[in-house]
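These notes are about the structure you will find just below.
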Amino acid sequence: MKYHHEKIEAKWQQYWAENQTFAASNHSEKPKYYVLDMFPYPSGAGLHVGHPLGYIASDIVARYKRHQGFNVLHPQGYDSFGLPAEQYAIQTGQHPADTTRMNIEGGVDKSGNTIQGYRNQLDRIGFSFDWSREVRTSNPDYYKHTQWIFIQLFESWYNKNSDKAESICTLIQEFDKNGNANVNAVCDDNISPFSSEDWKSFSSEEQQKILLHYRLTYLAETEVNWCAALGTVLANDEIVNGVSERGGHPVVRKKMTQWSMRISAYAERLLQGLNEIDWSESIKESQRNWIGKSVGAMVSFNVNNHDAKIDVFTTRPDTIFGVTFMTLAPEHELVTQITTPEQKAAVEAYVEATAKRSERERMADVKTISGVFTGAYAEHPFTKEPIPVWIGDYVLAGYGTGAVMAVPCGDERDYAFANFFKGTNGMPAIKNIFNQDISEAAYGEKGGFELVNSDFLNGLDYKSGTKKIIEELEKIGAGNAKVNYRLRDAVFSRQRYWGEPFPVYYVNGLPQMIDKKHLPIVLPEVEKYLPTEDGQPPLGNATVWAWDTESNAVVSNDLIDNTKVFPLELNTMPGWAGSSWYWMRYMDAHNTEEFANEEAIKYWESVDLYIGGSEHATGHLLYSRFWNKFLKDRGYAPTEEPFKKLINQGMILGMSAIVYRVSGTNKYVSKNLKSEYETEEIRIDVNLVNASDEIDLDKLRNWIPEFKEAEFITESGKYFVGREIEKMSKRWYNVVNPDDICEEYGADTLRLYEMFLGPLEQSKPWNTAGITGVAGFLKKLWRLYFDDNGSVIVNDEPTAEMYKSLHKTIKKVTEDIENFSFNTSVSQFMICVNELQQLKCNHRAILEPLAILVSPYAPHIAEELWSALGYEGSIATVAFPKFEAKYLVESEKEYPVSFNGKMRFTIKLPLDLTAAQIEEIVMADERTQAQLQGRTPNKVIIVPGKIINLVG
RNA sequence: GCGGGUAUGGUGAAAUUGGUAGACACGCCAGACUUAGGAUCUGGUGCCGCAAGGUGUGAAGGUUCGAGUCCUUUUACCCGCACCA
């Protein structure tokens, strides 16, 4: 009987689907285990072999845990809102909902292209997903709950005293009772104090405006990253090197009224939580960088002749007597106010010039020093000396307060700035407050100095100086200790169509939440997916997009009267909204009332193992932690952290194949002859090349017309390609489709090969050529159970060697799965099968456990072997074999014998010999005598069971 | 600049507390069988050398009887952050 993967795999995939083999129950006696993959965005291009890598790894763990007796939740779904579907809609006029559905379910698109569909592609690989819990973030029955969470955020504030989010009702009660004097909240700056009486006297509108300053999601005019090409704002994590992550378009700062998420309230908890979770150090470090905690002080400087103060954040308050000048960001709000008439023209010109430069230019150009004196002076809080105030674009508006106290003697940038403008109007000589030489460079260290010229700080160091100065600042009311975070509140509005609509309408420009019982607010139909002519977001094109407060329904815009019918929000939510809570939805995916039932959430608790790409380090993974913490505060999530353990799979790279065209001809020269010609490199379809890098020239001629008539300069009839390792992409013709691999070699081979390629977390190139190794392994495995006539399994007692081979494998595979070292498991399977083949093993007592061992990796063949062993039903929950050390006990060891650390020969000795006995035998050995040539060793090192080393 | 990671044959990679470097595969070489196939099987394959032997884990030092593994210095590449006050 031959191994036919196509029959076996189709059969078992159908069996699993029909029998709901992998449907998880929310009630079980077994311990639970939750394995989650980062759900995919269903793009039209379909999956390539890089995509399933993490899914295969998580599937192995899920299947292994089932064998270990766990109730396993291993769900899958789609992150189906997003930009590409919308861009495609703009180009083709097809509704994003239609193209998204087709990308998931497959079909034939309007241009006649067959789309396989993610689901069909995934099914062919034999994942043990519980598809009954599938979610799609763009489905109204899903985003209904995303809208609900948004409302919860709106109805919450962050109480620093309890250090958690609370219902906005508790804040209103406090305002009613005591005004805002005792409120310790994370909120907007510049909130004026009010009493209980004031609060009660405010109009409802005024009250609403005040509350917006406290809510965890709030509407505010903020500086946002505006991307004109995409027609939308972007969050900080959607910008890479000053241009949009998607498309690489320029991004400028712009003031807009937008929804924001007060993630800054959670900065410290997001930072501290990293210590409790088992994530890679690099991701944790990325998040720490992104949060950017720095400890220091806030210091206020009064501006002379103005009723104004400049607040600065500094990590070095101990250097306050070294302040030589101050610098404001050009965007700083005080700039126009304090600039003197004489400096006005210069300052305005500088501000304008800075505004014109894109973020990118400003970032690229860090070497050029520029700035202008405002003519104004601030007053030193202690010495009362006047300090000139400058503006300069080395100070960023977005960090701290957008202003710095410049201490050139202790800061490289201040030093460079001071020297650049040395001698010009408003730039005094550098004050040195360190007992160090600063004639060549600033002294930036936090140690190794004593403060001088610093009044009451003289003689102190960094630590004691900082402590002292903060006390003194507090005494005179000019400052206090302060922890600053780089993490900014996250902009939550997008000027896009294909996203969650906000459950929000506007009365007199003030946002009102729609009651949760009327959710979902379903995305309206529009004629065009582009912004409107007057610059409104795409939802501005909707004609039925108004909220009727009487019928509680979305009605035609014509009915807007601003008394009963009001306009709805035109922005939509960003891509990360739906993915920031989806792991909880899987726990109870069909709940129509709540986002998930309390009991289900309590049962599944949090994700035990999360596998996905590291590109989400500061986006999805940070926002998800934020929402989870918020939901925990409000009693909806059971744990502080959503993902206990995280593994980042590496990227699978393409191995492009290159042919060399002789310049100006239609001739192509084989790789090793190319130096004899002047050539240019052309990439060809990597699937036309065999394991020896040789092209099938007939196939190449039929591939694209360019090669039809081409001539090939070969090496004895063979044409070899060059190779280049680069990202898997259509434009390099190096994409390998998992469907093709499943077709030719089978899903089990694909799964094994993806694991065999190397360590999961490492990025590595794909080369289909190597797959014959694992394909051959599966055939050999099969032949242990079958010959040409069928089953060969016998019930005889296996030999000790067979047991040894099996138990070595049990041990290795168990350890490997626990350590996520899947590549070495596959090697061990090969070793075991090679050994059993040598031993002609066809014994049930060996082959039965072997089938179970293999099953997490190659589930289809394992099921088939299991039924060949005479069992009914699936192998999926059969207990995993247990390692027994007794089968590995050895009585002899092949000792390496080294002389001065160099291994010369080996000698087989019983393991129960003492060191002295070993020495005697070794010394008597003629090979030892030959090595020593009459010398006597100074020292003989014998580690029983390990090595023998003779020195001297 | 700061932080994290990687470096081993022609290729992908193995190597428990420091203990026979290169397991397992791909490729290559030789052979067997054959219904001639991109099947299967056997043997070989780090490098130099006919061999004995020498040499070898990015580089240079060090610790040790013994280092891919530990320590110091250094180079290259990848990732994250970055005029962060």
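In what follows, every chain begins at residue 1, and chains take the letters A, B, ... in the order their sequences are listed.
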Ring pair (Phe, Tyr, Trp, His ring centres under 6.0 Å) partners of [X], counting only residues at least two apart:
{"X": "A:F777", "value": "none"}
{"X": "A:Y785", "value": "none"}
{"X": "A:Y753", "value": "A:W766"}
{"X": "A:Y3", "value": "A:W782"}

Exercise. Could you spell out the base pairing of RNA chain B in dot-bracket, with Watson-Crick or G-U pairs whose two distances are under 3.5 Å, [ ] crossing and | to another strand?
Worked result: (((((((..(((......[....)))((((((.......))))))(((....)))..(((((..]....))))))))))))....
Got a list of protein N/O to nucleotides 53-57 of chain B N/O distances below 3.5 Å?
| from | atom 1 | to | atom 2 | distance (Å) |
| --- | --- | --- | --- | --- |
| B:G54 | OP2 | A:R904 | NH1 | 3.1 |

For this session: For RNA chain B, find the residues of residues 287-299 of chain A with a heavy-atom distance under 4.0 Å and give them by number; none if there aren't any.
Result: A:N289, A:W290, A:S294
For this session: Mind checking salt bridge (charged side-chain N to carboxylate O under 4.0 Å, His left out) for A:R723 and listing every partner two or more places apart, or none if nothing turns up?
Result: A:D693
Give me the distances for all protein-to-nucleotides 61-63 of chain B N/O pairs that come in under 3.5 Å?
none

List, with names and distances, any nitrogen or oxygen atoms from the protein found under 3.5 Å away from nitrogen or oxygen atoms belonging to nucleotides 19-27 of chain B.
| from | atom 1 | to | atom 2 | distance (Å) |
| --- | --- | --- | --- | --- |
| B:U20 | O4 | A:E894 | O | 3.3 |
| B:A23 | N1 | A:S827 | OG | 3.4 |
| B:A25 | OP1 | A:N834 | ND2 | 2.6 |
| B:G27 | O3' | A:S692 | OG | 3.1 |

Exercise. Using a cut-off of 4.0 Å on non-hydrogen atoms, how would the nucleic acid contact of A:K699 be classed: base, sugar-phosphate, or nothing?
Worked result: base
Problem set entry | Under the side chain to side chain contact (heavy atoms under 4.5 Å, CB included) test, residues paired with A:A403 that sit two or more places apart | A:I310, A:V312, A:L328, A:H332, A:T401
For this session: Quick one: list whatever passes side chain to side chain contact (heavy atoms under 4.5 Å, CB included) with A:A57, sequence neighbours left out.
Result: A:I611, A:M755, A:L760, A:F822
For this session: Measure from the side chain of A:V395, starting at C-beta and using heavy atoms only, and say which of B:A85, B:A13, B:G80 lies closest.
Result: B:A85
